[in-house]
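In what follows, a structure is listed as structure tokens, so that the remarks can point back to it.
All residue numbers refer to positions in the sequence shown, counting from 1.
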Amino acid sequence: VDSSVMETSPPGPPRPPQSNNMPDVLTVRVQTDEGVFQDTVVEIDRPLQKKAFLGGFRNRLTGVEYHHAAVQTLPKKRPDRGVVVFSRDTQTASLKCQAQQSSADASTQMNRTGCYISCLTDRLLVPGDYVPASECHSKRVRAAIVLQSFARRWLAQQESLRMERNRRLAWQEMQEKRRKEEKEEQLKDRRRRWKNPQQREDFDILYRSLQKWRSEEEQRINSSLRGAERRAALCALLEQEQQCISTIGRQQISAQANNYDKAVRNLLDKCAAPRRWRAADGRMIEMDSQETIRARELRDLYASVNHVAASCEQRLIDLMTLKHTVQEHECQLTRDIVTLIDREVDLMTRRVKSTSLEGLRKRISTLFLQFIKTPAFNPEVARQLKVPQNPSQLKNNLFFCRACHRYLHSDNFSPSTSTRVIGRCRECTGLDNIARTRDDLSCYKTILTRLRADELQLNGEAKIPFLLQLEDMRYLVEVIWASCSALRTSSDLYDLVFVRWERQRDWSPWNCVLLSREEASIHVEVEDETLVRGIKHKHMLGRRHFSQISIMAEYLDSRSPAALGNQLVSKLITMETEECDTDGTPPSDH
């Protein structure tokens, strides 16, 4: 073997240790032609596995053994057929399960003559309970619920239901917090109205509380005392009631004075306000006219004249300015103002105390306010006065009050859909309430205000809620709904609201339900037949009462006679208004 050839040829696979006696590469001299020899390098391939002995033969003459050719060559490589033959499908057997019912012969041996059968191993079989289809269905439903619970658990682990639950709990917490805040704000407002009453409704609350306290004390005295002790206790109770009425009266006088000052300031501010309108591009445009400028000068002069902490020099300057202002118009009012101004100036030069001049300054302020309210001196005030300056217009809206016997404008009367005759003005009605019944209508006013606001959001053209007055709302709450929610869970009038019974129809006394604010937020369909029947009965009572009013009867639907079962009798009631005659005499009572 040539060593150079071994160095240049690539090495073969490693030889096993048991066959190290044979080289990997051999150089064989092959005769290709006569006298021509060629050296050929032969590489020995050593298979890793040992082939099976396939036989051969031995030359008997020479003793040389010749083996099968397959033993001395590499294994034959199988041709590629293009099909994967070592996949799972080719290595898996296809099985099929099929039930087979084979015939089996059976026989039963019975007792007979000459043949005894033992019954020791016999069993008594009792039929079980019959399971109906409904029970099977319920069992399947329970099993489905179990499966759904596990499925929901898995979904909750995926944060889907958990997030939804957190949002719902957060919303419920927010709603509960809002209800608590509204309740606290309502109680705070009640306490404020108790401690510092300013309006007529606030004093009605005080008088109502006084009447309630007096009734409880009188009932306690009548139940526990007799004879002279009872009379003495009632006299003491009367004196306490008189002291409370005097205290409330003083507060009312103080509140009226404060409200009067606020009303005067609001009137002067409205007169001095510039004209405003919105342009086509959305901008707000303001314009001052000669009348508004004049009203603004009079307002500032009125504020400076009524300023209490002004010095003597400033007071003299203000009085001189007021004197020159009113002297522009010659009349009896301006002459009286000038006379009072000269009198105060004379007293101030004599160093009279300010406390002694309060009455004189009050007269000057009152006359100057009358000067400001005169349209001849302040043209802008004519747009703010309730009473028209044209005497011919007074005959249309002037009514006679039966209590105080005065002719007043229609704004001084409280209209009601259930009254036949306009009898007493607001002032006389409030005075009679304080002296007799001492009713508090603020809760009904709150219910009516909420109802109007809710209906405006649902339907901007709603009319029936704006036709009802406080007396009508009081009848609807007290008489028809018994001052309690339909579910009998709340009787706090400040917490009750009216909502629609049928949401598709407009609100009316025959399409409403009284609920608390919490119940109204979750108002859904009611399935209790007894409750529905009671609500329908209240609708019938409301329809029967309000159908007797002509202005309300127009809004009754065509289903009313059938709903009432021919028990509804509608009659029109004409509103009689007592207007003054041309000669100024009131109408006679007949």
Original post:
Would you call Arg193 and Asp202 a salt bridge, taking side-chain N to carboxylate O under 4.0 Å as the test?
Top reply: yes
Original post:
Do Arg265 and Tyr260 meet the cation-pi criteria used here (NZ or CZ under 6.0 Å from the six-membered ring centre, within 45° of the axis)?
Top reply: no
Original post:
Passes side chain to side chain contact (heavy atoms under 4.5 Å, CB included), Ser516 versus Val497? Steps please.
Top reply: CA-CA 6 Å; Ser516 63; Val497 292; over 6 Å; no
Original post:
Which of these passes side-chain contact (heavy atoms from CB on, under 4.5 Å) with Leu237: Gln242, Glu218, Arg220?
Top reply: Glu218
**OP:** Count the heavy atoms of every other residue, nucleotide or ligand shown that sit under 6.0 Å from CD of Glu461, and state whether that count exceeds 12.
**Re:** no
**OP:** Let me see the working for Arg438 and Glu241 under salt bridge (charged side-chain N to carboxylate O under 4.0 Å, His left out), right down to the final yes or no.
**Re:** CA-CA 13 Å; Arg438 295 176 181 174; Glu241 184 182 6; 3.0 Å; yes
Original post:
Could you go step by step and tell me if Asp288 and Arg275 meet the salt bridge (charged side-chain N to carboxylate O under 4.0 Å, His left out) rule?
Top reply: CA-CA 6 Å; Asp288 283 327; Arg275 304 290 179 85; over 6 Å; no
**OP:** Report the residue from Lys212, Arg474, Lys445 that forms a salt bridge (Lys or Arg N to Asp or Glu O under 4.0 Å) with Asp439.
**Re:** Arg474
Subject >> Phe368 vs Asn306 side-chain heavy atoms within contact, under 4.5 Å >> reply: no
Subject >> Phe377 and Ile372, any side-chain heavy atoms less than 4.5 Å apart >> reply: no
**OP:** I would like to know whether Arg294 and Glu380 meet salt bridge (charged side-chain N to carboxylate O under 4.0 Å, His left out); could you show each step before the answer?
**Re:** CA-CA 8 Å; Arg294 171 69 174 177; Glu380 189 65 21; over 6 Å; no
**OP:** Test Arg383 against Glu291 for salt bridge (charged side-chain N to carboxylate O under 4.0 Å, His left out), laying out the working first.
**Re:** CA-CA 11 Å; Arg383 301 173 61 243; Glu291 291 80 5; over 6 Å; no
Original post:
More than 12 heavy atoms of other residues, nucleotides or ligands under 6.0 Å from CZ of Arg363: is that the case?
Top reply: no
**OP:** May I ask you to test the Tyr444-Glu471 pair for a side-chain heavy-atom distance under 4.5 Å?
**Re:** no
Original post:
Considering residues, nucleotides and ligands other than Gln290, do more than 12 of their heavy atoms fall under 6.0 Å from its CD?
Top reply: no
Original post:
Should we say atom CD of Glu286 is surrounded by more than 12 heavy atoms from elsewhere, each under 6.0 Å from it?
Top reply: yes
Subject >> Neighbour count >12 (heavy atoms, 6.0 Å) for atom NZ, Lys183 >> reply: yes
Original post:
Are any non-hydrogen side-chain atoms of His405 and Phe400 less than 4.5 angstrom apart?
Top reply: yes
Original post:
Any chance CD of Glu328 has more than 12 other-residue heavy atoms, nucleotides or ligands included, within less than 6.0 Å?
Top reply: yes
Subject >> Beyond-backbone contact of Gln252 with Arg200, side-chain heavy atoms, under 4.5 angstrom >> reply: no
Original post:
Would you say Glu427 has more than 12 foreign heavy atoms packed within less than 6.0 Å of its CD?
Top reply: no
**OP:** Taking all non-hydrogen atoms of both residues into account, name the closest pair between Gln198 and Asn259 and its distance.
**Re:** O-ND2, 2.8 Å
Original post:
Under the side-chain hydrogen bond (donor to acceptor under 3.5 Å, both in side chains) criterion, do Gln256 and Asn258 qualify, and how do the steps go?
Top reply: CA-CA 5 Å; Gln256 288 177 355; Asn258 295 334; over 6 Å; no
